[in-house]
**Q** 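Below is the structure I would like to discuss, written out as structure tokens.
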Protein chains: 2
Amino acid sequence: MKIGVLAKQVGITVETIRYYESEGLLHPALRDPANNYRRYDHSHLERLIFIRRCRTLAMTHNEIKILLQARVEPDASCETINELIDEHIHHVQARMAELQILETQLIELRSQCRAAHTTRDCGILRELDHPIEESSEAQPEHSHVPGSQCRIERH
Amino acid sequence: MKIGVLAKQVGITVETIRYYESEGLLHPALRDPANNYRRYDHSHLERLIFIRRCRTLAMTHNEIKILLQARVEPDASCETINELIDEHIHHVQARMAELQILETQLIELRSQCRAAHTTRDCGILRELDHPIEESSEAQPEHSHVPGSQCRIERH
DNA sequence: TCTTGACCCTAAAGCAGCTTCAGGGTGTTT
DNA sequence: AAACACCCTGAAGCTGCTTTAGGGTCAAGA
């Protein structure tokens, strides 16, 4: 099948498929000698479905590559896979905890402005003007709010 | 003060400060004619603290620009600000809901492999091989799992 | 005085996972 | 023959920085 058909079957764009090929996630397709169009078969479809399933679970391309590799090594131990998923779950949970805190802070902030009608008297702006005091367990060094290196960014 | 001092006071890197200037978040600093070094005063410090506070609340540069603008228009209505924060809270909540679902799915997935020791028999890989069936309220068109355009990506 | 080290400057590339754009061929229909 | 849908490549854009390369400035110590 041609790339457009494959894309429709999987529910992604043709650009994404070409991108996956360039990323090494998807094997390069055979080309039609007549016009250089990519030709796909059922194994490509299956692999793409696998990849998309992983992506909806917010895995990175690197993680997916590991899983794809495991997939073609039926005799290998699946310990790596289990660890990968466990670690991934931890990332998701950590991200949720961060957002939980964020939500609390934002709702607190929002509560500062219920009545005022000019920015001059807006409690929100006033509160944003002050640095963040860490409630407890503050790092002694200097108060970098770390940045968290979280990979669970989309979907 | 010089950029390094300012950076230390706020707890960010000099590169970030220069980046904020290039982004239009921070007004360009006056330059020391002798050596072209940036010179900052207290208003820059305050503005940077404001910006950082917004960033720890995961606001985008665009949102921050709107708030910075409101900050210098004391007579304007603060309705925009309230709406901005409300919408932002919604984004955070939506993101959390997504992650909640993700967590459930991942834990379900993880439970597929408790005993097996080769990838051949790994329930995780097996489950990843199948497309995602949306439990209910499926879109009729084709089953795009949307992608969610979420901006709450870090911190 | 010379050198060392800390600090400053700019411009460009890198990260992740795509999407969009520019510019151009192919293939079928009308 | 024109129109339209589809295919191709390569490069840039998105977000919020960080990193790298290459090069000046300045104060202090040998």
Side-chain angles (χ1 to χ4, degrees), chain A residues 1-26 28-40 48 51-65 88 91 95 144-155, chain B residues 1-26 28-40 48 51-65 88 91 95 144-155:
Chain A
M1 65 190 115
K2 284 193 286 183
I3 195 168
V5 177
L6 180 60
K8 218 158 268 173
Q9 296 232 5
V10 182
I12 59 181
T13 69
V14 298
E15 287 82 9
T16 300
I17 294 177
R18 287 196 283 249
Y19 174 64
Y20 286 169
E21 182 181 314
S22 79
E23 275 289 279
L25 284 178
L26 199 60
L30 292 175
R31 299 300 183 107
D32 186 327
N35 50 22
N36 199 33
Y37 288 5
R38 290 172 176 84
R39 289 288 169 194
Y40 294 97
L48 256 189
I51 293 169
R52 287 312 294 180
R53 180 79 162 107
C54 292
R55 286 296 300 134
T56 64
L57 293 172
M59 294 179 197
T60 65
H61 285 185
N62 254 337
E63 289 172 325
I64 297 173
K65 279 178 189 172
H88 191 51
H91 278 296
R95 186 67 183 131
H144 271 212
V145 177
S148 88
Q149 254 111 340
C150 179
R151 315 150 327 144
I152 314 298
E153 320 256 290
R154 38 180 56 254
H155 206 81
Chain B
M1 66 188 115
K2 284 192 287 183
I3 196 168
V5 177
L6 179 61
K8 219 159 268 173
Q9 296 231 5
V10 182
I12 60 180
T13 69
V14 298
E15 287 82 10
T16 301
I17 294 177
R18 286 196 283 250
Y19 174 65
Y20 284 170
E21 181 181 314
S22 79
E23 276 288 280
L25 284 177
L26 199 59
L30 291 175
R31 298 300 183 108
D32 187 328
N35 51 22
N36 199 32
Y37 287 5
R38 290 174 177 83
R39 290 288 170 193
Y40 294 97
L48 256 189
I51 293 170
R52 287 313 293 180
R53 181 78 162 104
C54 291
R55 285 297 299 133
T56 63
L57 293 171
M59 293 179 198
T60 65
H61 285 185
N62 253 337
E63 288 172 326
I64 297 173
K65 279 178 189 171
H88 191 49
H91 278 295
R95 186 68 183 128
H144 270 214
V145 178
S148 87
Q149 254 109 343
C150 179
R151 316 150 326 144
I152 314 299
E153 320 255 288
R154 39 181 56 253
H155 207 80

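So you know, we letter chains A, B, ... as the sequences are listed, proteins then strands, and number each from 1.
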**Q** Pull out every protein N or O sitting under 3.5 Å from an N or O of nucleotides 20-22 of chain D, one pair per line with the distance.
**A**
none

**Q** Mind calculating the distance between CD (E21(B)) and C1' (dG16(D)) to the nearest angstrom?
**A** 16 Å

**Q** CD1 of I51(A) versus C1' of dA16(C): gap in Å, rounded?
**A** 16 Å

**Q** Does R52(B) put a side-chain nitrogen or oxygen below 4.0 Å from OP1 or OP2 of dG16(D)?
**A** no

**Q** Measure the acute angle between the ring planes of H61(B) and Y19(B), then classify it against the limits of 30° and 60° as parallel, tilted or perpendicular.
**A** tilted

**Q** Hey, does R38(A) reach any base, or is it just sugar-phosphate, or nothing, if we go heavy atoms under 4.0 Å?
**A** sugar-phosphate

**Q** Can you give me the closest heavy-atom contact between Y40(B) and K2(B), atom names plus distance?
**A** CD1-C, 4.3 Å

**Q** For dC17(D), does OP1 or OP2 lie under 4.0 Å from any side-chain N or O of R55(B)?
**A** yes

**Q** Using the side-chain heavy atoms of R18(B), tell me which of these nucleotides is nearest: dC9(C), dC17(D), dT19(C).
**A** dC9(C)

**Q** Provide, to the nearest angstrom, the distance between the OH atom belonging to Y19(B) and the P atom belonging to dG16(D).
**A** 6 Å

**Q** Would you mind telling me which residue lines up with the more 5' stretch of DNA chain C, T16(A) or V14(B), judged by nearest nucleotide?
**A** V14(B)

**Q** Can you tell me how far C1' of dC9(C) sits from CG of L30(B), to the nearest Å?
**A** 17 Å

**Q** Base, sugar-phosphate or nothing for R39(B)? Non-hydrogen atoms, less than 4.0 Å.
**A** nothing

**Q** Please report the shortest heavy-atom distance between R18(A) and I3(A), naming the atom on each side.
**A** CG-CD1, 3.6 Å

**Q** How close do M59(A) and R55(A) get, counting heavy atoms only, and between which atoms?
**A** O-NH1, 2.5 Å

**Q** Reading nucleotides 23-29 of chain D 5' to 3', which nucleotides get B (base under 4.0 Å from a protein heavy atom), which S (sugar-phosphate only), which -?
**A** -BBS---

**Q** Return the minimal non-hydrogen interatomic distance between G4(B) and V14(B), and the atom names on each side.
**A** CA-CG1, 3.7 Å

**Q** For the side chain of H88(B) and the backbone of E63(B), is there at least one donor-acceptor N/O pair under 3.5 Å apart?
**A** no

**Q** If every non-hydrogen atom of E21(B) is compared with every non-hydrogen atom of P28(B), which pair is closest and at what distance?
**A** CD-CA, 3.6 Å

**Q** Please determine if a side-chain N or O atom of Y20(A) lies less than 4.0 Å away from the OP1 or OP2 oxygen of dC18(C).
**A** yes

**Q** Could you check whether any side-chain heavy atom of I17(B) comes within less than 4.5 Å of a side-chain heavy atom of V10(B), counting everything from C-beta outward?
**A** no

**Q** Check the phosphate of dT15(D) against T60(B), side-chain N and O only, distance under 4.0 Å to OP1 or OP2. Yes or no?
**A** no

**Q** State, to 0.1 Å, how close L25(A) and K65(A) come at their nearest heavy-atom pair, and which atoms those are.
**A** CD2-CG, 3.6 Å

**Q** Tell me the interatomic distance from H61(A), atom NE2, to dG14(C), atom P, rounded to whole angstroms.
**A** 18 Å

**Q** For E23(B) and dT18(D), give me the distance from atom CD to atom C1', rounded to whole Å.
**A** 14 Å

**Q** Under the salt bridge (charged side-chain N to carboxylate O under 4.0 Å, His left out) rule, collect the residues that match up with R31(B), sequence neighbours excluded.
**A** none

**Q** Calculate the interatomic distance between L48(A) atom CG and dC18(C) atom P; express it in whole Å.
**A** 11 Å

**Q** Atom CD1 of I64(B) and atom C1' of dC17(D): how far apart are they, to the nearest Å?
**A** 12 Å

